[in-house]
Amino acid sequence: MQRLKGTVSAIVFRNEQNGYTVLDLETTDGNDVTCVGNFPALSVGAVLDVSGKFTVHKVYGEQFVAENYTVCDPTSRDGIVKYLASGLIKGVGEVTANNIYNAFGNDTFGVIERNPMLLSNVKGISKKKAMDIANAVSELKVMQEQIMFLQSYGITVNLALKIYNIYKTETKSLVLANPYRLIDDVDGVGFVTADKIAQSMGVEPLSEFRVRAALVYELKEAAEKQGNTYLVFDDLLKICGELLGEDLSLHGKLVEDSVAKMVLEPVVKLFETDGQRCISLVKYYKLEKAVASRLITLNHDARRIMMDADSLIAQFEQIHNITFHASQLGAVKSALINGVTVITGGPGTGKTTIIRCIAEILTSHGLRLEFCAPTGRAAKRLSQSTGSDAKTIHRLLGFEAHGDKMQFKYNRGNTLPCDVVIVDELSMVDVSVMYSLLSALENGTRLILVGDKDQLPSVGAGNVLADIIRSGVIEIRYLTHIYRQSEDSLIVTNAHLINKGKMPEINNKSRDFFVMSYNDFQQVSDTVVELVTTRLPKFTGLPSSDIQVLGALKSGVAGVENLNVRLQNALNPRQYGKTEINVGKSVLREGDRVMQTVNNYELPFVRFGEDGTLFDGQGVFNGDIGFVRRIDRANGIMEVQFDDNRLATYSEQELSDLQLAYAITIHKSQGSEFDVVVVPLVSGPPTIINKNLLYTAITRARRAVVLVGSRKILALMVHNNYVAARTTNLCRFLQEEDAVHRRFFGTASQSDSGNDED
């Protein structure tokens, strides 16, 4: 780490959103240095003491990258005049700045801070302007002090700016009062960072304050990372004990007192299920309760539609020259009759055809339909397959960003103007999104939920599709009949074989399913790169951009991270005139395929309609894929064009939300479909390397899938039935709500058939 001290002689560029600044620093030894980094508001003339390192940029030459800094008041005439005349203070130019210095000399800042009204004695400065000058200098100093306070606890400038932008002038007081609030309020701050600050402030290792923070943190982690909406109480204590480095079972009174207060606030909910004491964040307990209540109400309150269903279905079959299987007929009739219907089936079972049939019949009766899916790619695919306009659930509900929070235009007080809502890829929908959707439906709206029960569950909290099916109180229609596949097509056949725990058929005559056997992971990695860059484009006639690598693991020779670097070097190598930027350990350059990894509700974008119309909007979401269209290093921005024609502009601070997407994890591929999928088979823990994951990967492919790796690993995955069990309340709540409704209102279902799997 190197250190420089000097005066800011010029600010070349500044991004006010994230504080990224390019400045000229005149060092104390007389050198002029270009310095870059994230700084709070700075002014020409300010004295900086910075630590960092020199780097050489291929376009801009040598730069000093600042990692930490302190700001000092200028002490020379030249520095003070430049500082005051820099534009920081409206109406103060070089003449006025010189007049101020002439009056007070090197004590200028002392006068501004302690007795600002003396400034009104200077020519051209009124009493109001005197206070404006004092306020502007004070605000800047406060900001710099708050940032430096955070830095003293090892927080990076980038994160410190993020914290300051949330708390502003109260940063220091709020963090000192409760450093653990950072976990809830600021993305990028976990328990370890907050706890480090807390302990340096003298918080006792076994204070109620610290124990409470750990309990809440682990409940949030369990929900957001594992999908659990509650935990068994003893399990939570064990996890928290490991986090705190203490055996909490030895401190029962402390734990019980902390939990009792959290129940009263209320932050958590205590309850018993299956004879075990359990605990949930109140948020998730209420969400699942509300989802259950709305589903049961919608199921019972469906408006009856007078129609001859058999005749209408027969008419659809005749027009489209198809014949429905019995299970498909049952699914269509159920959707026409019941308030809520779940249609579930694997690939090739006719889900899309059924949706089209239901939509045509209901539309012909004058009903207003809406189609939606959890992701942009899934919505686009639904639009293409049905010929109807499908939206993401967020767009359907009229997503609006308010700070770091999101709101929907359509909600309980302003319901969607429609009669029927069809939701595809339901397995991806978490309990929060499900609640928002159901809240926006008025009583009597029909709800048709479509998904594959054997896909991976949602990334977020809850297990909505599985819980609805398990509850047995909603009409479930299982599609098991597979439409005939061409003799040389094996994707659908093998997907169903794998789902049943059977080895896939490997036939060299197949045109869409291939297994390339290698025991060495380096060979697996080499082959994947070769397939994507040359062999598959030549075989399929498709560009490499239509070929997606889906991996089980991030790390390793054949893991997603290494494959991304190799594919980037092969498909989009460094070259003169192509701008690139370092983001963490990765390099992003113009032309790269990238993926958004977190929800960013505020990020602005423009969307190009098919007719060339331009629309403004906000929000990019976890799993969105696009390519880097332009990088402007001078202004610290990057433009990313997403698959659904959104063009989003990222500031340098927001680039950490992107990662290369030549290869992505199978979990991130949910709801997407790709022309060609390549899957490296690697060894790993049985909790990950299992049948469920392999099935999900294969069903993402439209035209071809290639498995690369050991047949032994393939067999292990096929025969590993492990599915991570999630602890959720929705199933129980649905059964309870249904029992209450039936007790007061009688039987709900108007269907003439049950939920038996065909």
Side-chain angles (χ1 to χ4, degrees), residues 13 15-18 20 187 372-384 389-404 406 409 543-546 548 564 568 571-572 575 577-583 586-662 664 668-669 671-675:
F13 167 78
N15 184 319
E16 294 298 339
Q17 274 191 306
N18 59 16
Y20 179 77
D187 287 337
C372 63
T375 66
R377 294 177 72 88
K380 183 177 180 180
R381 184 157 52 88
L382 183 60
S383 292
Q384 292 169 342
D389 180 34
K391 307 179 181 73
T392 63
I393 296 174
H394 284 75
R395 193 154 72 90
L396 174 66
L397 298 179
F399 159 80
E400 297 171 346
H402 293 273
D404 61 343
M406 68 171 178
K409 173 185 176 183
S544 294
S545 57
D546 288 343
Q548 183 64 55
N564 263 322
Q568 180 191 43
L571 296 171
N572 190 32
Q575 64 185 60
K578 184 176 286 186
T579 309
E580 62 182 45
I581 190 168
N582 291 321
V583 180
S586 300
V587 174
L588 298 183
R589 63 177 62 104
E590 290 171 341
D592 272 338
R593 185 173 172 83
V594 293
M595 171 184 275
Q596 175 77 10
T597 59
V598 296
N599 292 333
N600 184 333
Y601 305 119
E602 292 187 282
L603 192 69
F605 66 79
V606 292
R607 186 198 301 273
F608 301 93
E610 293 183 3
D611 59 353
T613 311
L614 202 62
F615 303 93
D616 292 325
Q618 282 180 294
V620 292
F621 303 98
N622 189 359
D624 287 348
I625 294 177
F627 72 93
V628 179
R629 197 168 88 165
R630 185 173 72 94
I631 296 174
D632 183 348
R633 286 187 61 91
N635 292 306
I637 61 172
M638 176 189 288
E639 291 180 353
V640 176
Q641 181 83 53
F642 288 103
D643 289 348
D644 59 356
N645 290 327
R646 281 173 301 158
L647 179 64
T649 302
Y650 286 74
S651 66
E652 197 145 347
Q653 184 183 26
E654 292 158 334
L655 293 182
S656 58
D657 295 344
L658 292 168
Q659 68 180 32
L660 291 172
Y662 299 101
I664 63 175
K668 290 285 188 183
S669 73
S672 297
E673 203 173 57
F674 308 96
D675 281 322

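- With values rounded to the nearest 0.5 angstrom, Gln568 atom CD is found 8.0 Å from Ser586 atom OG.
- Residues Ile637 and Arg630 are in side-chain contact: their nearest non-hydrogen atoms beyond the backbone lie under 4.5 Å apart.
- For the pair Gln596/Leu658, a side-chain contact is recorded, criterion being any heavy-atom separation below 4.5 Å from C-beta on.
- Two residues are said to be in side-chain contact when any heavy atoms from C-beta on lie closer than 4.5 Å; Asp657 and Leu603 fail this criterion.
- Between the CE atom of Met638 and the CZ atom of Arg629 there is a distance of 13.5 Å, given to the nearest 0.5 Å.
- Side chain of Asp546 to main chain of Asp675: no donor-acceptor pair is present (N/O by atom type, distance under 3.5 Å, no hydrogens or angles).
- Arg395 contributes atom CZ, which lies 6.0 Å from atom CG of Asp389 (distance to the nearest 0.5 angstrom).
- Classification of the Phe642-Tyr650 ring pair by plane angle, with boundaries at 30° and 60°, yields tilted.
- Using a 4.5 Å cut-off on side-chain heavy atoms (C-beta onward), Ser545 and Phe627 make no contact.
- Taking all atoms of both residues into account, the shortest heavy-atom contact from Asp616 to Val606 is OD1-CG1, 3.3 Å.
- Of the possible donor and acceptor atoms, none in the side chain of Glu590 sits under 3.5 Å from a partner among the backbone N and O of Lys578.
- Closest approach of Ala379 and Ala390 over heavy atoms only: O-CB, 3.4 Å.
- Here CD of Gln641 is found 10.5 Å from CZ of Arg607. Values are rounded to the nearest 0.5 Å.
- The two residues Glu580 and Ile631 come nearest to each other via the heavy atoms CA-CD1, 3.9 Å.
- Under the 4.5 Å side-chain criterion, counting only non-hydrogen atoms from C-beta, Asp624 is in contact with Arg646.
- Here the closest heavy-atom approach between residue Leu382 and residue Cys372 is recorded as CD2-O, 3.7 Å.
- With contacts defined as side-chain heavy-atom distances shorter than 4.5 Å, the pair Val598/Asn622 does not qualify.
- Ring geometry for His394 versus Phe621: interplanar angle of 30 to 60°, hence tilted.
- Counting only heavy atoms from C-beta outward, the side chains of Val594 and Val640 approach each other to under 4.5 Å.
- Side-chain atoms of Gln548 come within 3.5 Å of backbone N or O of Ala661 as a donor-acceptor pair.
- Atom NZ of residue Lys380 and atom CG of residue Asn645 lie 6.5 Å apart, to the nearest 0.5 angstrom.
- The minimum heavy-atom distance between Asn572 and Gly591, with the atom names listed, is ND2-C, 3.4 Å.
- Interatomic distance, Lys668 NZ to Thr597 OG1, rounded to the nearest 0.5 Å: 5.5 Å.
- Here the side chains of Val628 and Arg589 are not in contact, with every heavy-atom distance at 4.5 Å or above.
- Distance alone, capped at 3.5 Å, places no donor-acceptor pair between the Thr392 side chain and the Gly376 backbone.
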